[in-house]
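Computed from a predicted model, the values in this text were never measured in an experiment. In the text below, chain A, chain B and the rest are named by the order of the sequence lines, each starting its count at 1.
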Amino acid sequence: MKKENDFFNDVYDVVRQIPAGRATSYGAIAAYLGQKRGARMVGWAMGNSYNKQGVPAHRVVNSQGILSARHLFGTPTAMQERLESEGVNVKNDKIQNWKERFWDPEKELH
DNA sequence: GGTATGACTGTAT
DNA sequence: GATACAGCCATAC
């Protein structure tokens, strides 16, 4: 039997709450889940669900606001274009105004 | 249970 | 700024 309160489930739940036009980092999600060093797990979890609907994985980037996983979206520009269509300026695979675009689950969901 | 891997992060060089 | 290394944790074999 599989736990419904999976680590993945928590990750998906947080990612789903990211508002359009914003983005967060793996580390922030991991920290919110109490696993400050579990950023890799967040990415790993997403890797098993990036094709899952309802999970805007394109709104999750690394700590520098870089679209580290753009290459996994089918096309190298899919992630960037999707973010731009939501109002996020992306340049060189990096989110502009990252500090202001950053959505911190610890603060927003506190 | 040991080893390898991973959409990460931070520090050091 | 780029490269190298270490840390952390869950999953797969």
Subject >> No-hydrogen, no-angle side-chain donor-acceptor test under 3.5 Å, A:Gln80 and A:His58 >> reply: no

Original post:
Considering all heavy atoms of both residues, which atom of A:Phe8 and which atom of A:Ala45 are nearest to each other, and what is their separation?
Top reply: CD2-CB, 2.9 Å

Subject >> Considering all heavy atoms, the nearest A:Phe7-A:Gly38 contact >> reply: CZ-O, 4.3 Å

**OP:** Ignoring backbone atoms, establish whether A:Ser63 has a side-chain N or O less than 4.0 Å from OP1 or OP2 of B:dT9.
**Re:** yes

Original post:
Looking across every strand, which nucleic acid part, if any, lies under 4.0 Å from A:Val61 by heavy atom: base, sugar-phosphate, or nothing?
Top reply: nothing

Original post:
Considering only the C1' atoms, how many Å lie between B:dA7 and C:dC13, rounded to the nearest integer?
Top reply: 22 Å

Original post:
Contacts to DNA chain C from residues 12-40 of chain A, heavy-atom cutoff under 4.0 Å, which residues?
Top reply: A:Gln35, A:Arg37, A:Arg40

**OP:** Using atom types as modelled and distance alone, determine if a side-chain donor or acceptor of A:Glu108 lies under 3.5 Å from a backbone N or O of A:Glu106.
**Re:** no

**OP:** Just call it for A:Ala45: base, sugar-phosphate, or nothing, with non-hydrogen atoms closer than 4.0 Å on any strand.
**Re:** nothing

Subject >> Outermost nucleotides of DNA chain C that come under 4.0 Å of a non-hydrogen atom of chain A >> reply: C:dG7 to C:dT11

Original post:
Should A:Leu72 and A:Leu83 be regarded as members of a common hydrophobic cluster, given that ILVMFWY residues are connected when their side-chain heavy atoms come within less than 4.5 Å of each other, either directly or indirectly?
Top reply: no

**OP:** List the atom of A:Trp98, the atom of A:Val61, and the distance in Å for their closest heavy-atom pair.
**Re:** CH2-CG2, 3.4 Å

Subject >> Residues touching DNA chain B, which here means a heavy atom under 4.0 Å, drawn from residues 72-94 of chain A >> reply: A:Leu72, A:Phe73

**OP:** Grab the two heavy atoms, one from A:Ala57 and one from A:Val15, that are nearest each other, plus how far apart they are.
**Re:** N-CG1, 4.3 Å

Original post:
What closest approach, in Å, do A:Leu109 and A:Tyr32 show between heavy atoms, and which atom pair accounts for it?
Top reply: CB-OH, 3.7 Å

Original post:
Can you find a pair of side-chain heavy atoms, one from A:Asn89 and one from A:Asn97, that are under 4.5 Å apart?
Top reply: no

Subject >> Minimum-distance pair of heavy atoms, taken over all atoms of A:Phe102 and A:Ala28 >> reply: CZ-CB, 3.7 Å

